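What you see is a predicted model, and the numbers here were worked out from it, not measured in a lab.
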Amino acid sequence: MATCDDVRENVKKYYGSLLESSCDLQTSAASCGVSCRPVPRGVRDALSLVHPEVTKKFFGCGLPFPAKLEGCRVLDLGSGSGRDSYAFSKLVGPSGHVTGIDMTEELIRASRQYIEYHQKTFGYKEPNVSFVQGYMENLSEAGIQSDSIDVVLSNCVICLCPDKRAVLQQAYNVLKEGGELYYSDMYASKVVPDHMKQDAVLWGEGMGGSLFWQDLISLAHSVGFSTPHLVSASNIVIYNSELKAKAGDINYASCTYRLFKLPKSPVMHEATVTYKGTVADFPDQLDFDSSHCFKKDVAVEVNGEMAAILQSSRFSPDFKIQMSDTPAKSSSESAPQYCHLNPFLLADKLGASVKQCSKIGK
């Protein structure tokens with residue numbers, strides 16, 4: 001069985017040397033960013049300002065751009081060429097800061113070349129983005145302090161990491177209370193067998209290391225996060241016939257989830273919440289996830305965990321929150337249902353799949 005170090009070296013080689021651009025990938029993962037709703041104008045504008053050479057070597061699988069990033073300290077896990085990091089640096093503004101971390105020396109070196117370009121393009125007096133080489137399984141070793149980050153973001157790299165528990169635990173540790181992990185990644189329709197995990201190309205494409213989507217829920221809870229919230233999902237098309245045969249009856253989806261670091265002992269009471277319409281780009285309604293759309297001045301009843309998220313996160317000033325006197329039901333009283341977190345159901349509902357040219361995939 002390949003060790004974690006073996007997997008890392010294969011991924012470094014695959015993304016640092018073998019792939020020249022996202023068109024070299026053998027799946028549609030790098031373009032599966034179909035959201036339930038239109039991409040906000042601010043995000044579109046930020047992406048359009050990123051240098052073309054940076055965008056060319058982008059290997060992500062979604063659009064992990066949450067609302068209300070201005071002034072935030074952001075960490076981009078697996079920053080790659082820097083496309084998302086530079087877009088984030090526009091969205092956080094001059095008072096915020098973005099740190100991109102990647103283990104691949106070639107990509108870090110390439111991304112650093114464009115720091116001054118984007119500083120001038122955005123009109124900042126000082127650069128507000130930096131890139132460090134390191135491992136997302138050990139953020140402290142890379143100099144990322146505990147309880148120092150408002151939002152951890154990531155785009156289709158956790159599936160390339162063999163120790164996903166360590167990644168989630170490290171993300172949880174560096175987040176401030178009320179902070180969130182908002183990320184896109186590839187997920188499998190069932191548990192991926194060990195023999196597929198040993199295939200270097202399957203792993204490099206994200207297929208060998210994709211987590212069974214249901215396992216994310218227990219994994220998130222085990223490290224301290226809230227229940228994941230599914231934001232968007234798309235079915236992934238496999239171009240290469242050989243890889244498609246190896247995948248067998250396993251399907252893949254690109255999806256975006258958001259997880260929050262709640263207070264140690266949150267008050268779990270159901271609540272009535274009313275959105276004030278104060279988040280930039282969302283004056284009429286805030287699309288929080290695929291199950292929650294908060295319309296301005298419309299009162300909505302939410303469960304205890306959602307109430308705790310809104311109360312403790314950066315969205316607290318944007319809601320009027322009226323807590324109920326009745327505590328939320330415990331899991332022992334009411335078994336949680338997670339069908340709404342199934343990315344394959346959501347992708348099918350949206351009819352979301354993306355086909356993209358590939359140099360050698362058929």
Side-chain angles (χ1 to χ4, degrees), residues 27-40 60-67 153-159 164 168 180-193 196 202 205-222 225-239 243-244 247-260 285-295 300-306 309 329 331 334-356:
T27 72
S28 64
S31 60
C32 283
V34 178
S35 175
C36 304
R37 301 169 182 91
V39 178
C61 65
L63 285 171
F65 289 85
L153 300 155
S154 183
N155 201 336
C156 208
V157 295
I158 295 179
C159 61
K164 293 169 180 57
L168 263 62
E180 77 164 314
L181 168 61
Y182 189 107
Y183 72 105
S184 297
D185 207 19
M186 286 177 65
Y187 280 88
S189 60
K190 57 178 63 177
V191 176
V192 176
M196 290 181 62
L202 285 178
E205 291 286 338
M207 298 165 63
S210 289
L211 192 67
F212 174 39
W213 71 269
Q214 286 188 2
D215 290 341
L216 170 65
I217 301 168
S218 56
L219 186 59
H221 288 159
S222 71
F225 275 115
S226 68
T227 300
H229 291 253
L230 178 62
V231 178
S232 61
S234 304
N235 288 308
I236 289 178
V237 179
I238 303 172
Y239 306 121
L243 299 186
K244 186 182 293 187
D249 61 350
I250 299 178
N251 295 317
Y252 292 89
S254 163
C255 38
T256 300
Y257 286 102
R258 63 193 320 174
L259 293 70
F260 287 83
Q285 65 182 46
L286 179 65
D287 303 321
F288 195 83
D289 59 31
S290 60
S291 302
H292 296 88
C293 173
F294 299 108
K295 296 183 182 296
V300 177
E301 292 184 1
V302 297
N303 64 23
E305 187 175 65
M306 175 59 84
I309 288 171
K329 293 181 180 180
S331 57
S334 175
Q337 302 295 314
Y338 295 127
C339 291
H340 63 293
L341 301 181
N342 185 335
F344 297 93
L345 291 181
L346 179 60
D348 289 344
K349 177 182 177 182
L350 297 174
S353 63
V354 180
K355 295 183 179 180
Q356 180 191 31

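Classification of the F288-F260 ring pair by plane angle, with boundaries at 30° and 60°, yields parallel.
Checked by atom type and distance alone, the side chain of K164 pairs as donor or acceptor with a backbone atom of G209 at under 3.5 Å. Proximity of a side-chain donor or acceptor of Y252 to a complementary backbone N or O of I238 within less than 3.5 Å is not detected. With hydrogens and angles disregarded, no donor-acceptor distance shorter than 3.5 Å links the side chain of S210 to the backbone of A188. The closest donor-acceptor contact from the side chain of Y338 to the backbone of Q214 lies at 3.5 Å or more, if one exists at all.
Annotation: side chain of S291 is not in contact with side chain of H229 (no heavy-atom distance under 4.5 Å). Side-chain contact check for L153 versus P66: some heavy-atom pair is nearer than 4.5 Å. With contacts defined as side-chain heavy-atom distances shorter than 4.5 Å, the pair N251/N235 does not qualify. Inter-residue side-chain proximity for V231 and Y182 is flagged as met; some heavy-atom pair is nearer than 4.5 Å. Contact annotation: the side chain of D185 never approaches that of L216 to less than 4.5 Å [non-hydrogen atoms, C-beta and beyond]. Side-chain contact between S232 and L350 is absent, with no heavy-atom pair separated by less than 4.5 Å. Considering only heavy atoms from C-beta on, V300 stays 4.5 Å or farther from M306 through its side chain.
The shortest heavy-atom contact between S184 and L63 is OG-N, 3.6 Å. Between I250 and V192 the shortest heavy-atom distance is CD1-CA, 4.2 Å. Across all their heavy atoms, C159 and G206 have their closest contact at SG-CA, 3.9 Å. The two atoms that bring C293 and Q285 nearest to each other are SG-NE2, 3.3 Å, heavy atoms only. Nearest heavy atom pair, residue A220 against residue S226, reads CB-O, 4.0 Å. Shortest non-hydrogen contact noted between A247 and M207 is CB-CE, 3.8 Å.
For Y187, the side chain to side chain donor-acceptor pair (under 3.5 Å) partners are Y183, not counting sequence neighbours.
For the atom pair CG (L341) and CH2 (W213), the distance works out to 6.5 Å, reported to the nearest 0.5 Å. Annotation: the span from F225 atom CZ to I217 atom CD1 amounts to 15.0 Å, rounded to 0.5 Å. The structure places CE of M186 at 9.5 Å from SG of C255, a figure rounded to the nearest 0.5 Å. Within the model, atoms CZ of F344 and CG of L346 stand 11.5 Å from one another, a figure rounded to the nearest 0.5 Å. Here the straight-line distance linking atom CG of L168 with atom CG of L211 works out to 9.0 Å at 0.5 Å rounding. To the nearest 0.5 Å, atoms CG (L259) and CD1 (I309) are separated by 8.5 Å.
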Derivation and outcome, side-chain contact (heavy atoms from CB on, under 4.5 Å), residues S290 and H340: CA-CA 8 Å; S290 60; H340 63 293; 6.0 Å; no

